[in-house]
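Keep in mind the model is a prediction, meaning the values are calculated, not measured. Each chain gets a letter, A, B and so on, in the order its sequence line appears, and its residues count up from 1.
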There are 2 protein chains.
Amino acid sequence: METLRERKKQRTREALLRTALELFTTQGYEGTTVDDIAEAVDVSQRTFFRYFAGKEEAALALEEMTVAHFLEAVRERPLHEAPMEALRQAVLEGWDTLNDVIEAVAPVELYLRMYKVVESTPALLAAHLRRSVETEEAIARILAEREGVDMDTDPRPRLAVAVFGGVMRLTERQWSTGEDFSLDAMRALTVSYLEQVGPALSESWRTH
Amino acid sequence: METLRERKKQRTREALLRTALELFTTQGYEGTTVDDIAEAVDVSQRTFFRYFAGKEEAALALEEMTVAHFLEAVRERPLHEAPMEALRQAVLEGWDTLNDVIEAVAPVELYLRMYKVVESTPALLAAHLRRSVETEEAIARILAEREGVDMDTDPRPRLAVAVFGGVMRLTERQWSTGEDFSLDAMRALTVSYLEQVGPALSESWRTH
DNA sequence: AGGCTAATGACAGCCTCTGACAATTGACAA
DNA sequence: TTGTCAATTGTCAGAGGCTGTCATTAGCCT
């Protein structure tokens, strides 16, 4: 952001994003129109769509940053860790360093509030899940390269990621609807669920 | 469907659905407008929205039928089967008896073609995934009751379903993009992936 | 046959998103 | 500094999904 022009663009984008998130978390996603956002920032509606492909993109912009951050964490995991363990450590580390990634754009608190909005708004949840598919494909690629296997012939990378992704999405959902809506609670849930995957799979749950 | 009125409604709905699916599979989902469908059936656009909550609902109507069918299959699995095994058998059985559920509305071949449309259309894939969340919640409830555990305190039902769902979605995706687009191929993929979940999880994949 | 009710059509309107063109504003060299 | 070029924005116009409303039609039932 050298030139004045670039700085202005940056400021417009951040104003749009911050305003959008603020409105989404207070009036709800569907209760907020793009016109509302544009008007609050004092730009035309058309300008909003020049910065964001759609309402969804603005709503999920923070998440996109954290996903990128998580992918980076996976890439940097030591090679001696087994795939699932590497993923596990990467998520936990991701939560720990969440603030470093977000703070420049918005307070963590706003991110957390958006989480609930996403989870409780059908249209947003749908968009979120669709993105997860792409994220999982990216993670699978990282794992495959890491372990030196070929994704096209070996299903294990995608399989491991599918399982991991399933558990993580469940974790998010339970967390966002639970009472303890803190990062610590999220960490605890993650650890707990990942621990119980094994037992949940092959055994019978009955205690007769 | 006793009265003439009810028969007419039934016919209108089926005409709309069949026409919609036909257009979706030939011109694509986004290349088809609701007006196109309504016009082809010779009803007003408003009438379309009286039968379907939206374009999505029409596109996913067949799938909804098969999901209901699958849930029924899960409910009827013998109690001696472990949870994951019951789910596995239910899916396989679901595929076997797919035709019985679909044929009254549309040929299986149309259902299969729609599968590719869903998987390759972002908006539809998103809607599909969102529905999967609800489906998984329903399955978890069935499993919990079956095994006599309380979902609110025991995470295993949701956990098992999350894992299973993750694997099944991967299966669908790989199947829909693969070359062998037959039900047999689907069955084979399902069995194969479920077999490899265990190995993919805890071990290292390297063969040094 | 005639009243009742359900189904449909016809508008009008809101919201998301896009293309096109003109106006503005910063960048940069002469 | 000024003039030119390019990037940013605003303004329109319009498509497409979806909803509310109200009048009209058509099946139902006595």
Q: Within residues 13-34 of chain B, find the residues that approach DNA chain D with a heavy atom at under 4.0 Å, and present them sorted by residue number.
A: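 Heavy-atom cutoff 4.0 Å gives B:Thr32, B:Thr33, B:Val34.
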Q: What residues from residues 35-49 of chain A pass a heavy-atom cutoff of under 4.0 Å to DNA chain C?
A: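 Heavy-atom cutoff 4.0 Å gives A:Gln45, A:Arg46, A:Phe49.
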Q: Strictly below 4.0 Å, heavy-atom distances to any atom of DNA chain D: list the hits from residues 52-65 of chain B, or just say none.
A: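 Those residues whose heavy atoms fall under 4.0 Å from DNA chain D, taken from residues 52-65 of chain B in numerical order, are B:Ala53, B:Gly54, B:Lys55.
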Q: My understanding is that only residues two or more places apart in sequence, or in another chain, count here; which of them pass ring pair (Phe, Tyr, Trp, His ring centres under 6.0 Å) with A:Tyr51?
A: none
Q: Would you tabulate the pairs of protein nitrogen or oxygen atoms and nucleotide nitrogen or oxygen atoms of nucleotides 22-24 of chain D closer than 3.5 angstrom?
A:
none

Q: With a 3.5 Å cut-off and sequence neighbours excluded, list the donor-acceptor pairs that the side chains of residues 123-139 of chain B form with protein atoms.
A:
from     : atom 1 : to       : atom 2 : distance (Å)
B:His128 : ND1    : B:Glu63  : OE1    : 2.9
B:His128 : ND1    : B:Glu63  : OE2    : 2.8
B:His128 : NE2    : B:Glu172 : OE1    : 3.2
B:Arg130 : NE     : A:Pro122 : O      : 3.4
B:Arg131 : NH1    : B:Glu64  : OE1    : 2.7
B:Ser132 : OG     : B:His128 : O      : 2.9
B:Thr135 : OG1    : B:Arg131 : O      : 3.1
B:Glu136 : OE2    : B:Arg169 : NH2    : 2.4
B:Glu137 : OE1    : A:Arg173 : NH2    : 2.8
B:Glu137 : OE1    : B:Arg158 : NE     : 3.2
B:Glu137 : OE2    : B:Arg158 : NH2    : 2.9

Q: Check ring pair (Phe, Tyr, Trp, His ring centres under 6.0 Å) between B:Tyr111 and all other residues, then give those that pass, not counting sequence neighbours.
A: B:Tyr115
Q: Using the test ring pair (Phe, Tyr, Trp, His ring centres under 6.0 Å), find all partners of A:Trp205 that sit at least two apart in sequence or belong to another chain.
A: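 Expected list: none.
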Q: Of all heavy-atom pairs between B:Ala200 and A:Met84, which one has the smallest distance, and what is that distance?
A: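 In terms of heavy atoms, the two residues are closest at O-CG, 4.5 Å.
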Q: Angle, rounded to 10°, between the helical axes spanning five pairs at each terminus of the helix from C:dA1-D:dT30 to C:dA30-D:dT1?
A: 0°
Q: Compare all side-chain heavy atoms of B:Gln89 with those of B:Glu85 and state whether any distance is below 4.5 angstrom.
A: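 Heavy-atom side-chain distance check passes, below 4.5 Å.
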Q: Between the protein and nucleotides 28-30 of chain D, list the N/O to N/O atom pairs that are separated by less than 3.5 angstrom.
A:
from   : atom 1 : to     : atom 2 : distance (Å)
D:dC28 : OP1    : B:Thr3 : OG1    : 3.1
D:dC28 : OP1    : B:Leu4 : N      : 2.7
D:dC28 : OP1    : B:Arg5 : N      : 2.9

Q: Specify the residues of residues 114-130 of chain B, ordered by number, for which at least one heavy atom lies under 4.0 angstrom from an atom of DNA chain D.
A: none
Q: Taking ring pair (Phe, Tyr, Trp, His ring centres under 6.0 Å) as the test, write out the residues that go with A:Phe164, two or more places apart.
A: none
